[in-house]
Asker: 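Below: one structure in structure tokens.
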There are 2 protein chains.
Amino acid sequence: MSADISLILVDDHPVVRNGLRGMFESVPGFTVLGEAADGVAAVQLADELDPDVILMDLRMPGGNGLDAITELTKRGSRSRVLVLTTWDTDTDTLPAIEAGATGYLLKDAPRDELFTAVREAAAGRTVLSPAVASRLVTAVREPAPSPLAAREREVLALVAKGTSNRDIARELFISEATVKTHLSHVFTKLGVNDRAAAVAKGYEQGILGRD
Amino acid sequence: MSADISLILVDDHPVVRNGLRGMFESVPGFTVLGEAADGVAAVQLADELDPDVILMDLRMPGGNGLDAITELTKRGSRSRVLVLTTWDTDTDTLPAIEAGATGYLLKDAPRDELFTAVREAAAGRTVLSPAVASRLVTAVREPAPSPLAAREREVLALVAKGTSNRDIARELFISEATVKTHLSHVFTKLGVNDRAAAVAKGYEQGILGRD
DNA sequence: CCCGGCATCAGCCAATCGGCTGATGCCGGG
DNA sequence: CCCGGCATCAGCCGATTGGCTGATGCCGGG
């Protein structure tokens with residue numbers, strides 16, 4: 001009855017793009033308009049091709065997926081963004097949805113689920129894979145553990161490197177007292193009592209890990 | 001001149017398997033004999049189909065890739081294993097090579113590099129993507145930081161949870177002195193001086209993170 | 001059979017940490 | 001205009017940590 005659902009694929013891995021393309025071309029009802037390897041290219045492509053659905057990976061070198069979604073939302077693009085990620089780290093989900101993603105799927109979803117998701121997304125309905133959905137509800141249950149302030153993140157990063165309070169103070173050109181204050185706040189916000197656990201939480205929540 | 005290179009694809013993501021299959025079927029010289037979604041299935045499939053090359057992801061739920069490689073090597077399989085991973089975390093590389101993998105590629109390698117790699121692998125030559133190769137050399141430069149002993153890992157895990165030495169002692173039914181000894185060894189092996197940095201290293205090297 | 005790695009334990013001591021109380025200045029939203 | 005969050009600083013004190021030296025028992029490989 002209706003025309004094909006048009007889509008563009010955004011992922012930094014050629015293999016994945018190829019795989020998606022193959023899957024969508026193997027069944028009727030979809031047309032792959034194009035591919036992009038990063039967020040910047042994705043926004044541009046979306047501008048040009050105006051697809052119904054954009055399948056996008058979040059983690060990409062150069063041209064963050066999140067920024068791309070934000071940008072598209074800001075531009076009032078009519079394209080629905082379906083985030084397709086490898087592993088979900090509940091750190092990414094919420095921001096992505098807030099930024100305007102219509103759905104969030106894990107890459108290991110079965111083919112049919114993927115097709116369904118794209119159709120749902122094209123129709124404007126929110127689609128979340130079960131795993132993601134459950135994470136979301138638990139995330140909402142907890143009032144959001146609050147993210148760290150810029151300075152607090154800096155301190156935590158140094159702590160993770162084994163830097164003592166005194167040396168952190170030196171490195172950041174502030175007093176040791178201030179370092180301790182920052183750290184206390186970090187502890188409170190992360191719900192821990194010592195630097196070791198804070199570092200663990202930092203990794204767990206994606207605050208640390210990419211330097 | 002020679003027959004096609006036969007291969008099987010092992011990855012838990014249908015999308016990735018599909019993508020690889022598509023790529024290898026789009027050019028002459030390759031025949032995809034089959035696919036598997038985990039290490040156990042991979043070993044079985046390799047037994048049945050005796051492929052020239054096995055393209056394998058390491059991180060898979062149920063049936064670890066590393067174990068699969070070990071098993072294949074033990075069985076004296078003639079198949080060359082090419083590890084194809086998403087992100088390389090130098091934690092995986094060495095064990096994989098030691099276990100008998102012929103090569104180690106990142107999934108974001110360009111198509112041609114992939115094809116070349118498979119041909120090289122089929123010919124029995126070791127292939128490493130440049131990024132991996134450089135990691136390897138630096139890893140060899142450092143005499144291998146040595147992995148942690150079982151008990152040491154337990155202690156580190158508790159440290160990451162913010163447990164004090166005294167409480168760790170209680171939880172493991174050992175004395176506090178022993179805990180400190182273990183921790184000292186952990187510090188030495190990880191090349192750090194305090195628990196916070198140890199936790200960071202733990203995450204960085206994949207010792208911590210999956211509980 | 002010896003050595004090295006693992007796991008266990010003791011005691012000492014200085015350094016570091018974490019909690020607590022209390023303060024100041026800036027900025028942005030209500 | 002006030003309040004809350006951020007960033008800065010101080011001092012005190014008990015608790016915890018980490019380094020050091022030294023020891024014992026078990027096990028497995030050379």
Side-chain angles (χ1 to χ4, degrees), chain A residues 94-95 98 142-203 205 207-208, chain B residues 70 74 94-95 98-99 142-205 207-208:
Chain A
L94 278 148
E98 279 166 16
E142 305 257 14
S146 76
L148 301 185
R151 209 51 162 169
E152 289 161 358
R153 257 177 279 125
E154 282 186 84
V155 172
L156 181 58
L158 288 170
V159 165
K161 291 174 62 183
T163 320
S164 72
N165 290 346
R166 184 172 310 159
D167 290 342
I168 293 174
R170 277 201 256 272
E171 273 204 54
L172 299 183
F173 304 107
I174 57 182
S175 92
E176 200 178 330
T178 306
V179 174
K180 290 178 73 176
T181 306
H182 285 318
L183 260 184
S184 285
H185 292 157
V186 170
F187 293 164
T188 305
K189 291 184 181 178
L190 296 182
V192 299
N193 313 299
D194 67 74
R195 41 181 60 216
V199 168
K201 281 277 181 184
Y203 274 93
Q205 305 194 3
I207 301 167
L208 294 173
Chain B
T70 310
K74 200 166 66 187
L94 277 148
E98 279 167 15
E142 304 257 15
S146 76
L148 301 186
R151 208 52 163 168
E152 289 161 357
R153 257 176 280 123
E154 283 186 83
V155 171
L156 181 57
L158 287 170
V159 165
K161 291 174 61 182
T163 319
S164 72
N165 289 346
R166 184 172 310 159
D167 290 343
I168 292 174
R170 277 200 255 272
E171 272 203 55
L172 299 182
F173 304 108
I174 57 182
S175 92
E176 200 179 329
T178 306
V179 174
K180 289 179 72 175
T181 307
H182 285 319
L183 261 184
S184 286
H185 292 157
V186 170
F187 293 165
T188 306
K189 291 182 181 179
L190 297 183
V192 300
N193 312 301
D194 68 73
R195 41 181 63 218
V199 168
K201 280 278 181 182
Y203 274 93
E204 221 70 81
Q205 305 194 3
I207 301 167
L208 294 173

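The chains referred to below are lettered A, B, ... by the order of the sequence lines, with proteins before strands, and numbering in each begins at 1. Values below: all heavy atoms of this structure, side chains included; hydrogens, waters and symmetry mates excluded.
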Asker: Check side chain to side chain donor-acceptor pair (under 3.5 Å) between A:Glu154 and all other residues, then give those that pass, not counting sequence neighbours.
Answerer: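 A:Glu154 satisfies side chain to side chain donor-acceptor pair (under 3.5 Å) with A:Arg151 once adjacent residues are dropped.
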
Asker: Once you round it to whole Å, what is the distance between C1' of C:dC6 and NE2 of B:His185?
Answerer: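 Interatomic distance, NE2 of B:His185 to C1' of C:dC6: 9 Å.
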
Asker: Under 4.0 Å, counting only non-hydrogen atoms across every strand here, what does A:Ala149 touch: a base, just sugar-phosphate, or nothing?
Answerer: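 Counting heavy atoms under 4.0 Å across all strands, the contact made by A:Ala149 is with sugar-phosphate only.
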
Asker: Does B:His182 put a side-chain nitrogen or oxygen below 4.0 Å from OP1 or OP2 of C:dC6?
Answerer: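 Answer no for this pair, as no side-chain N or O of B:His182 is under 4.0 Å from OP1 or OP2.
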
Asker: Rounding to a whole Å, what distance do you find between A:Glu154:CD and D:dT8:C1'?
Answerer: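 Rounding to the nearest Å, CD of A:Glu154 and C1' of D:dT8 are 14 Å apart.
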
Asker: Between B:Ile168 and B:His182, is any pair of side-chain heavy atoms under 4.5 Å apart?
Answerer: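 No; the side chains remain at least 4.5 Å from each other.
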
Asker: To the nearest Å, give me how far apart CG (A:Leu156) and P (D:dC6) are.
Answerer: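 Roughly 15 Å, once rounded to whole Å.
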
Asker: For the atom pair OG1 (A:Thr188) and NE2 (A:His185), what is the distance rounded to the nearest 0.5 Å?
Answerer: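 Separation between the atoms: 6.5 Å.
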
Asker: Please test B:Val186 against B:Val159 for side-chain contact (heavy atoms from CB on, under 4.5 Å), starting from the C-alpha separation and ending with a verdict.
Answerer: CA-CA 11 Å; B:Val186 170; B:Val159 165; over 6 Å; no

Asker: Would you list the protein and nucleotides 26-29 of chain C atom pairs, both N or O, that sit under 3.5 Å from each other?
Answerer:
none

Asker: Contact class for B:Thr178 (heavy atom, under 4.0 Å): base, sugar-phosphate, or nothing?
Answerer: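 Here B:Thr178 touches the bases of the nucleic acid.
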
Asker: In terms of side-chain heavy atoms of B:Arg151, which of D:dT17, D:dT8, C:dT8 is nearest?
Answerer: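 Output: C:dT8.
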
Asker: Can you tell me how far CD of A:Glu171 sits from NZ of A:Lys161, rounded to the nearest 0.5 angstrom?
Answerer: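 Answer for the NZ-CD pair, A:Lys161 versus A:Glu171, is 6.0 Å.
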
Asker: Using a strict heavy-atom distance below 4.0 Å, which residues from residues 165-176 of chain A are in contact with DNA chain C?
Answerer: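 Heavy-atom cutoff 4.0 Å gives A:Asn165, A:Arg166.
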
Asker: Suppose we screen for side chain to side chain donor-acceptor pair (under 3.5 Å). Which residues come up paired with A:Asn165, at least two apart in sequence or across chains?
Answerer: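 Result, side chain to side chain donor-acceptor pair (under 3.5 Å) vs A:Asn165: A:Arg195.
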
Asker: Which residues pass the side chain to side chain donor-acceptor pair (under 3.5 Å) test with B:Thr178, sequence neighbours left out?
Answerer: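 Per chain and number, B:Thr178 pairs via side chain to side chain donor-acceptor pair (under 3.5 Å) with B:Ser175.
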
Asker: Closest to the A:Lys189 side chain: D:dA10, D:dA7, D:dC6?
Answerer: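 Taking heavy atoms from C-beta onward, the closest nucleotide is D:dC6.
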
Asker: May I have the distance from A:Leu190 (atom CG) to C:dG18 (atom P), rounded to whole angstrom?
Answerer: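 Distance, rounded to whole Å: 13 Å.
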
Asker: Using whole Å, what does the distance between atom P of nucleotide C:dC6 and atom CD of B:Glu152 come to?
Answerer: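 Distance, rounded to whole Å: 6 Å.
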
Asker: Can you give me the N/O atom pairs linking the protein to nucleotides 19-25 of chain D at distances under 3.5 Å, or say none if there are none?
Answerer:
from, atom 1, to, atom 2, distance (Å)
D:dG19, O6, B:Lys180, NZ, 3.0

Asker: Could you state the CZ-C1' distance from A:Arg195 to C:dG18, rounded to the nearest angstrom?
Answerer: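 These atoms are roughly 9 Å apart.
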
Asker: Tell me, do A:Leu156 and A:Leu190 make a side-chain contact under 4.5 Å, heavy atoms counted?
Answerer: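 Result yes, sub-4.5 Å side-chain heavy-atom pair found.
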
Asker: Could you work out, with side chain to side chain contact (heavy atoms under 4.5 Å, CB included) as the rule, every residue matching A:Ala197, not counting sequence neighbours?
Answerer: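 Counting only residues at least two positions away or on another chain, A:Ala197 forms a side chain to side chain contact (heavy atoms under 4.5 Å, CB included) with A:Val192, A:Asp194.
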
Asker: List in chain and number order the residues that pass side chain to side chain contact (heavy atoms under 4.5 Å, CB included) with A:Ala200, two or more places apart in sequence or in another chain; answer none if no residue qualifies.
Answerer: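 With neighbours one apart ignored, the set is B:Ala160, B:Val199, B:Tyr203.
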
Asker: Taking side chain to side chain contact (heavy atoms under 4.5 Å, CB included) as the test, write out the residues that go with B:Asn193, two or more places apart.
Answerer: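 For B:Asn193 there are no side chain to side chain contact (heavy atoms under 4.5 Å, CB included) partners, ignoring immediate neighbours.
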
Asker: Partners of B:Glu176 by salt bridge (Lys or Arg N to Asp or Glu O under 4.0 Å), sequence neighbours excluded?
Answerer: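 Per chain and number, B:Glu176 pairs via salt bridge (Lys or Arg N to Asp or Glu O under 4.0 Å) with B:Arg166.
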
Asker: What pattern of brackets, bars and dots sums up DNA chain D from 5' to 3', given Watson-Crick or G-U wobble pairs under 3.5 Å, [ ] for crossing pairs and | for another strand?
Answerer: ||||||||||||||||||||||||||||||

Asker: Let me confirm one number: the CD1-CD distance from A:Ile207 to A:Glu152, rounded to the nearest 0.5 Å.
Answerer: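 Reported to 0.5 Å precision, the distance equals 10.0 Å.
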
Asker: Take atom CG of A:Leu183 and atom P of C:dT16, then tell me their distance rounded to the nearest Å.
Answerer: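 These atoms are roughly 15 Å apart.
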
Asker: Please determine which of B:Thr163, B:Val179, B:Leu148 meets the side chain to side chain contact (heavy atoms under 4.5 Å, CB included) test together with B:Val155.
Answerer: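 The passing option is B:Val179.
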
